[in-house]
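Beneath this line is the structure, given in structure tokens, with notes to follow.
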Amino acid sequence: MPNITWELPVEAWSAFVARCPDATFFHTPEWYAAHGLPTATPLIRFEDGAEALLPLAVSRRFRGLVAEGLAGLENGYGGLVSPGPLTDAQVNAAYALVRQRFPDLAVVGNPFGAYPNLPAGSPLALDATQVLPVVDREAQRKLMVATRRKHVAKALEAGFRLEVRTALQAEDAASFYPLYAERAAGWTYTKWVRDEAYFRRLCEAAGAKLALFLAYKNDELAGFRLLGLQGPVVMDLFLATAERHDRDQVGPYLVVEPLAWLHERGYELFDFQPSGRLEGVKAYKASFGATPREHATTRQAGWVGRGLDALLRRSA
């Protein structure tokens, strides 16, 4: 019978994630810290010596009556991570232990997982991210469709200046937030719009694992891209461009230049992130050579959570 250790210290959590080839930026304690929720990350040890970790935040539902475990935040990947492969029996045993404490458990699957990392028998919803290999400039160019290659050529001739920042601090949010807010003001779907305080927390908590790319034209900020770094896969977090500079193709510039920077540092894959039902966004990413990779999400409820859900539906 496996055993479980709760509330793994942040240092041990970070060290364990570093040992897991399938762990992503979204599994790190820094990503969880940026969201301000309490965490209860467990370490599970199996009889054969294998170990697994489940990054976990705790949310309160139904006016605090139900504690729900969240393995994955803001659609960022979650689920078990391990230095080596786990059997289906081990995965299921781990989740059974976790659900003794959190009968209500939501898990976002990991498209880069080396094994199925969701509990068996749980209801699944499928999604797909778009992934691009990180290769040298010429090979990257050949992955693009002809129109996109022309746009990249125009961007490289436009005279943009690139600034790259790492080891970010809270104050770095001020360098890009006004442009983000300017562009977000025109969005019709506002669920994922974030305020400056959010970006300050993210830069402060996860700054050591972020890379910020700022594109300038005549000393004016024309666009930025913020990436999460962990292991061989890089996560695309946030992008905004100034509409007045879009004609110079600052968007493609903020794809190819970060990719070149990543290639120089040995990263292997660039996760463009899921595009939902935005077919135009999917096509844009595919034009750079990105291909879809599926992952699933699941949500399990305990008897209290199910009962309260049913009660609310009846009274609605």
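All values below were derived from every heavy atom in this structure, side-chain atoms included, with hydrogens, water molecules and symmetry-related copies excluded.
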Within one Ile-Leu-Val-Met-Phe-Trp-Tyr cluster: Val281 and Val255, side-chain cutoff 4.5 Å:
no
List the steps and the verdict of salt bridge (charged side-chain N to carboxylate O under 4.0 Å, His left out) for Glu257 and Arg137.
CA-CA 9 Å; Glu257 291 306 302; Arg137 281 185 183 271; 2.9 Å; yes
Report, as yes or no, whether the 6.0 Å neighbourhood of atom CD on Gln169 holds more than 12 heavy atoms from other residues, nucleotides or ligands.
no
Got a donor-acceptor contact below 3.5 angstrom from the Asp172 side chain to the Leu168 backbone?
no
Any Lys/Arg nitrogen of Glu68 or Arg60 sitting under 4.0 Å from an Asp/Glu carboxylate oxygen of the other?
no
Note: Ser275 and Lys285 closest approach over all heavy atoms is OG-NZ, 3.0 Å
Do you know which two heavy atoms are closest between Pro123 and Thr298, and how far apart they sit?
O-OG1, 2.7 Å
Worked verdict on Leu8 versus Leu53 for side chain to side chain contact (heavy atoms under 4.5 Å, CB included):
CA-CA 9 Å; Leu8 198 68; Leu53 180 140; 3.2 Å; yes
Decide whether Tyr177 and Asp195 meet the rule of one side-chain donor and one side-chain acceptor closer than 3.5 Å.
no
Considering only heavy atoms from C-beta outward, does the side chain of Thr87 approach that of Val91 to under 4.5 Å?
no
Do Tyr267 and Val256 belong to the same hydrophobic cluster, where Ile, Leu, Val, Met, Phe, Trp and Tyr are linked whenever their side-chain heavy atoms lie under 4.5 Å apart, directly or via other members?
yes
To the nearest 0.5 Å, tell me how far Leu254 CG sits from His245 NE2.
11.5 Å
Looking only at heavy atoms, what is the nearest atom pair of Pro274 and Asp127, with distance?
CB-OD2, 3.7 Å
Going from OH on Tyr77 to OG1 on Thr24, what distance comes out if it is rounded to the nearest 0.5 angstrom?
7.5 Å
Show, in sequence, the C-alpha distance, side-chain angles and deciding distance for Glu163 and Arg165, and conclude whether the side chain to side chain contact (heavy atoms under 4.5 Å, CB included) test is met.
CA-CA 7 Å; Glu163 179 185 343; Arg165 298 185 191 177; 2.7 Å; yes
Could you go through Asp48 and Gln90, starting from their C-alpha distance and side-chain angles, then the distance that decides it, and tell me whether this counts as side-chain hydrogen bond (donor to acceptor under 3.5 Å, both in side chains)?
CA-CA 10 Å; Asp48 64 357; Gln90 287 173 325; 3.1 Å; yes
Nearest-0.5 Å distance that lies between atom CG in Leu239 and atom CZ in Phe272:
9.0 Å
dist Asn75:CG -> His295:NE2 (nearest 0.5 Å) comes out at 7.0 Å
May I have the step-by-step check of side chain to side chain contact (heavy atoms under 4.5 Å, CB included) for Thr291 and Gln130, ending in yes or no?
CA-CA 5 Å; Thr291 55; Gln130 288 171 271; over 6 Å; no
Looking only at atom types and distance, does a side-chain atom of Arg45 sit under 3.5 Å from a main-chain N or O of Glu51, one as donor and one as acceptor?
no
Could Arg161 and Tyr216 be counted as a cation-pi pair, given that NZ or CZ must be under 6.0 Å from the ring centre and within 45° of the axis?
yes
Can you find a pair of side-chain heavy atoms, one from Val107 and one from Leu70, that are under 4.5 Å apart?
no
For the residue pair Gln230 and Lys209, confirm or rule out a side-chain donor-acceptor distance under 3.5 Å.
yes
Please check if any side-chain donor atom of Gln140 sits under 3.5 Å from a side-chain acceptor atom of His263, or the reverse.
no
Are Ile4 and Val58 co-members of a hydrophobic cluster defined by side-chain heavy atoms under 4.5 Å apart?
yes
Honestly curious: do Val17 and Phe112 fall in one hydrophobic cluster under the side-chain, below-4.5 Å linking rule?
yes
Evaluate side chain to side chain contact (heavy atoms under 4.5 Å, CB included) for Arg141 paired with Val152, printing each intermediate quantity in order.
CA-CA 9 Å; Arg141 192 184 73 84; Val152 168; over 6 Å; no
Would you check if there is a donor-acceptor pair between the side chains of Glu7 and Thr41 at a distance under 3.5 Å?
no
Find the distance between CG (Leu229) and CD (Glu30) and round it off to the nearest 0.5 Å.
11.0 Å
Please confirm whether Phe199 and Phe176 have ring centers closer than 6.0 angstrom.
yes
Do Met144 and Lys150 have side chains that approach each other closer than 4.5 Å (heavy atoms only, starting at C-beta)?
no
Would you please indicate if the ring centroids of Phe102 and Trp6 are separated by under 6.0 Å?
yes
Does the cation-pi check pass for Arg201 over Tyr198, that is, NZ or CZ under 6.0 Å from the six-membered ring centre and within 45° of its axis?
no
Could you tell me whether a side-chain N or O of Ser14 sits under 3.5 Å from a main-chain N or O of Glu11, the two making a donor and an acceptor?
no
Test item: Asn218 side-chain N/O and Glu220 main-chain N/O as donor-acceptor pair under 3.5 Å:
no
Got Leu214 and Leu162 here, is their nearest side-chain heavy-atom distance under 4.5 Å?
no
Taking a hydrophobic cluster as the set of Ile, Leu, Val, Met, Phe, Trp and Tyr residues connected by side-chain heavy atoms closer than 4.5 Å, whether directly or through intermediates, do Val81 and Leu56 fall within one such cluster?
no
Please give me the minimum heavy-atom distance between Pro42 and Val98, naming the atom from each residue.
CG-CG2, 4.1 Å
Under-4.0 Å salt bridge between Glu279 and Arg277:
no
Could you measure the distance from the CG atom of Leu73 to the CG atom of Leu37? Nearest 0.5 Å is fine.
6.0 Å
Before accepting this row, confirm whether a basic side-chain N of the pair Asp136/Lys142 lies closer than 4.0 Å to the acidic partner's carboxylate O.
no
Side chains of Phe270 and Phe288: does their closest heavy-atom pair fall under 4.5 Å?
no
Less than 4.5 Å apart, side chain to side chain, heavy atoms only: is that true for Val234 and Phe25?
no
Note: Pro232 and Pro21 closest approach over all heavy atoms is CD-O, 4.2 Å
Salt-bridge present (Asp248, Lys154; N to O < 4.0 Å):
no
For Glu182, I'd like to know if atom CD has over 12 heavy atoms of other residues, nucleotides or ligands within 6.0 Å.
yes
Report yes if the side chains of Leu269 and Leu132 come closer than 4.5 Å at any heavy-atom pair, otherwise no.
no
With Phe213, which of Phe160, Phe224, Tyr253, Trp261 fulfils ring pair (Phe, Tyr, Trp, His ring centres under 6.0 Å)?
Trp261
Looking at Arg293 and Thr129, would you say the former's side chain and the latter's main chain have a donor-acceptor pair under 3.5 Å?
no
Using side-chain heavy atoms (C-beta onward) and a distance below 4.5 Å, is Leu227 in contact with Met235?
no
Heavy-atom closest pair, residues Ala222 and Leu179:
C-CD2, 4.0 Å
Quiz item: cation-pi between Arg225 and Phe238, 6.0 Å / 45°
no
